[in-house]
Amino acid sequence: MIVADEPAIQQAATSLRGAGTEVEALQADLATTEGVDKMYAAAKGRAVDALLANAGRGLGHAFLDQDFKKAKRVIDTNVTGTVYLIHKVGNDMRRRNAGKILITGSIAGFIPGSFQAVYNGTKAFLNSFSFALREELKDTKVTVTCLMPGATETEFFKRAEMMDTEVGTTEKDDPAEVANNGFEAMMKGEGDIVSGFKNKVQSAAANVTPAGVLASQHRKMAKPGSAKK
Ligand SMILES: NC(=O)c1ccc[n+]([C@@H]2O[C@H](COP(=O)([O-])OP(=O)(O)OC[C@H]3O[C@@H](n4cnc5c(N)ncnc54)[C@H](OP(=O)(O)O)[C@@H]3O)[C@@H](O)[C@H]2O)c1
């Protein structure tokens with residue numbers, strides 16, 4: 001079952017079916033409890049082997065200049081909807097003592113994201129939450145894996161209104177490769193996977209760099225107008 005909040009999810013299902021897979025597409029707003037309930041109900045009580053909690057969105061610009069409704073939607077999608085979904089499906093997995101959960105965090109979670117402050121905060125939440133839940137489930141056969149990508153070539157930066165920034169306009173990672181890395185780590189039951197060598201170095205450096213320095217570095221790539229002409 002694949003879920004998104006736009007009708008284009010049906011086209012995604014059609015192309016995935018081309019690979020000979022049975023695919024059910026569902027349009028649901030996972031930023032809301034109603035949307036998560038709709039998705040849960042659509043599974044009709046079938047045992048979920050793997051939950052890939054990936055839906056998320058970003059939002060650029062200085063926090064005080066952001067439309068608060070959009071900022072709240074980032075939190076509702078990335079944090080509230082995601083943890084509600086994991087709470088529902090995770091309880092079923094624990095009862096069955098089987099299942100795999102993949103949470104898409106981000107290396108952004110290691111960096112205070114000036115000019116993307118709310119988004120980076122939500123990813124810091126998810127990175128932390130993922131490791132905590134994994135520890136709580138360590139005596140069960142349910143595994144929790146956190147995928148932490150770096151900047152990846154998707155619709156993300158356009159939707160986050162960041163196409164005038166350096167990070168929005170420079171070359172990014174291949175989304176299929178990132179997804180594959182996450183999937184493989186989930187199947188192996190690993191705790192986390194930072195996709196790509198450059199991102200591994202960046203996340204390791206972030207762990208030993210003062211937060212104020214990281215926030216100042218983030219400004220250079222995320223401030224509106226920072227795109228290289
Ligand atoms: N791209 C990057 O550089 C990057 C880096 C690190 C982490 N990530 C994370 O990777 C995940 C996927 O993002 P992406 O890069 O693939 O961006 P994307 O191209 O914008 O895709 C986001 C996906 O999430 C779905 N989604 C968003 N809000 C939703 C909602 N309320 N209900 C249901 N589905 C919703 C979207 O569905 P619709 O298309 O129907 O809206 C879409 O399938 C996110 O969690 C993001 O934070 C991205």
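One-based numbering, in listed order, for ligands and for the atoms of each. This structure is a prediction, so every number in the text was calculated from the model and none was measured.
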J.: Can you list the atoms of ligand 1 that are under 4.0 Å from a heavy atom of Leu30?
T.: 30 (C), 31 (N), 32 (N), 33 (C)
J.: At a 4.0 Å cut-off, with the gap strictly under it, does some heavy atom of Gly35 reach an atom of ligand 1?
T.: no
J.: Return the closest protein heavy atom for atom 26 (N) of ligand 1 as residue, atom name and distance.
T.: Ala55 CB, 3.8 Å
J.: Salt bridge between Lys220 and Glu166, side-chain N to carboxylate O under 4.0 Å?
T.: no
J.: With a 3.5 Å distance limit and no angle check, can you tell me whether Ser114 reaches the backbone of Arg219 through a side-chain donor-acceptor pair?
T.: yes
J.: Numbering the atoms of ligand 1 from 1, which are under 4.0 Å from a heavy atom of Ala31?
T.: 31 (N)
J.: Would you say ligand 1 has an N or O under 3.5 Å from any N or O of Pro149?
T.: no
J.: Between Tyr40 and Asp92, does any side-chain donor sit less than 3.5 Å from a side-chain acceptor?
T.: yes
J.: Would Asp29 count as a contact of ligand 1 if the rule is a heavy atom under 4.0 Å away?
T.: yes
J.: Looking at Asp29 and Arg73, is any side-chain nitrogen of the basic one under 4.0 Å from a carboxylate oxygen of the acidic one?
T.: yes
J.: Pick one of side chain, backbone, both or neither for how Arg159 approaches ligand 1, counting any non-hydrogen atom pair under 4.0 Å.
T.: side chain
J.: Without hydrogens or angle criteria, can the side chains of Asn199 and Asp173 be said to hold a donor-acceptor pair below 3.5 Å?
T.: yes
J.: Within 45° of the ring axis of Phe156 and under 6.0 Å from its six-membered ring centre, is that where the NZ or CZ of Lys172 lies?
T.: no
J.: Taking 4.0 angstrom as the limit and counting only heavy atoms of Gly105, give me the atoms of ligand 1 inside it, by number and element.
T.: 7 (C)
J.: Identify the closest protein heavy atom to atom 43 (O) of ligand 1: which residue and atom is it, and at what distance?
T.: Ala4 CB, 4.2 Å
J.: I'd like to check which ligand 1 atoms, numbered from 1 as shown, lie under 4.0 Å from a non-hydrogen atom of Thr77.
T.: 28 (N), 29 (C), 31 (N)
J.: Please report which non-hydrogen protein atom sits nearest to atom 19 (O) of ligand 1, along with the residue it belongs to and the distance in Å to one decimal place.
T.: Glu155 N, 3.1 Å
J.: Nearest 0.5 Å please: distance from the CG atom of Leu51 over to the NZ atom of Lys88.
T.: 12.5 Å
J.: Got a second to check how far Leu133's CG is from Ile101's CD1, nearest 0.5 Å?
T.: 5.5 Å
J.: Which ligand 1 atoms are under 4.0 Å away from a heavy-atom of Asn54?
T.: 10 (O), 11 (C), 12 (C), 44 (C), 45 (O)
J.: Any donor and acceptor pair, going by atom type alone, linking the side chain of Thr104 with main-chain N or O of Leu102 inside 3.5 Å?
T.: no
J.: Supply the members, apart from Phe115, of the Ile/Leu/Val/Met/Phe/Trp/Tyr cluster built from side-chain contacts under 4.5 Å; use none for a lone residue.
T.: none
J.: Which of these, Leu52, Val74, Asp5, has its nearest heavy atom closest to atom 38 (P) of ligand 1?
T.: Asp5
J.: So, the side chain of Lys200 versus the backbone of Ile193: is there a donor-acceptor pair under 3.5 Å, distance only?
T.: no
J.: Which residue holds the protein heavy atom closest to atom 4 (C) of ligand 1, what is that atom called, and what is the gap in Å?
T.: Gly150 O, 4.0 Å
J.: What part of Lys172, side chain from CB on, backbone N/CA/C/O, both or neither, has a heavy atom under 4.0 Å from ligand 1?
T.: neither
J.: Under the salt bridge (charged side-chain N to carboxylate O under 4.0 Å, His left out) rule, what pairs show up with a residue in residues 42-57, not counting sequence neighbours?
T.: Glu24-Arg46, Asp49-Arg96
J.: Could you tell me whether Glu6 and ligand 1 have an N or O pair separated by under 3.5 Å?
T.: yes
J.: Tell me, please: is Gly58 in heavy-atom contact with ligand 1, that is, under 4.0 Å?
T.: no
J.: Please write down residue, atom name and distance for the protein heavy atom closest to atom 3 (O) of ligand 1.
T.: Thr152 N, 2.7 Å
J.: Does the pair Leu16 and Ile2 meet the rule for a side-chain contact (heavy atoms from CB on, under 4.5 Å), with working shown?
T.: CA-CA 10 Å; Leu16 286 171; Ile2 55 171; 3.9 Å; yes
J.: Output the distance between atom CG (Leu147) and atom OG1 (Thr145), rounded to the nearest 0.5 Å.
T.: 9.5 Å
J.: Compute the ring centroids of Phe63 and Tyr119, then answer whether they are less than 6.0 Å apart.
T.: no
J.: With backbone taken as N, CA, C and O and side chain as the heavy atoms from C-beta onward, which portion of Ala28 lies under 4.0 Å from ligand 1: side chain, backbone, both, or neither?
T.: backbone
J.: Can you pull out the closest protein heavy atom to atom 27 (C) of ligand 1? Residue, atom name and distance to 0.1 Å, please.
T.: Gly56 O, 3.7 Å
J.: For salt bridge (Lys or Arg N to Asp or Glu O under 4.0 Å), just list the numbers for Asp65 and Lys70, CA-CA rounded to whole Å, side-chain angles, deciding distance to a tenth of an Å, and then say yes or no.
T.: CA-CA 11 Å; Asp65 296 334; Lys70 290 184 184 174; over 6 Å; no
J.: Who's the nearest protein heavy-atom neighbour of atom 15 (O) of ligand 1, and how far?
T.: Thr154 OG1, 2.6 Å
J.: Which residue and non-hydrogen atom of the protein lie closest to atom 8 (N) of ligand 1, and at what distance in Å?
T.: Tyr119 OH, 3.6 Å
J.: Quick one: which ligand 1 atoms are inside 4.0 Å of a heavy atom on Thr104?
T.: 9 (C), 10 (O), 11 (C)
J.: Does ligand 1 have any atom sitting under 4.0 Å from a heavy atom of Arg73?
T.: yes
J.: Hey, which atoms in ligand 1 end up nearer than 4.0 Å to a heavy atom of Ser106?
T.: 6 (C), 7 (C)
J.: Does some non-hydrogen atom of Lys123 fall short of 4.0 Å from ligand 1?
T.: yes
J.: State the atoms of ligand 1, each with its element, that fall below the 4.0 Å cut-off from a heavy-atom position in Phe157.
T.: 3 (O)
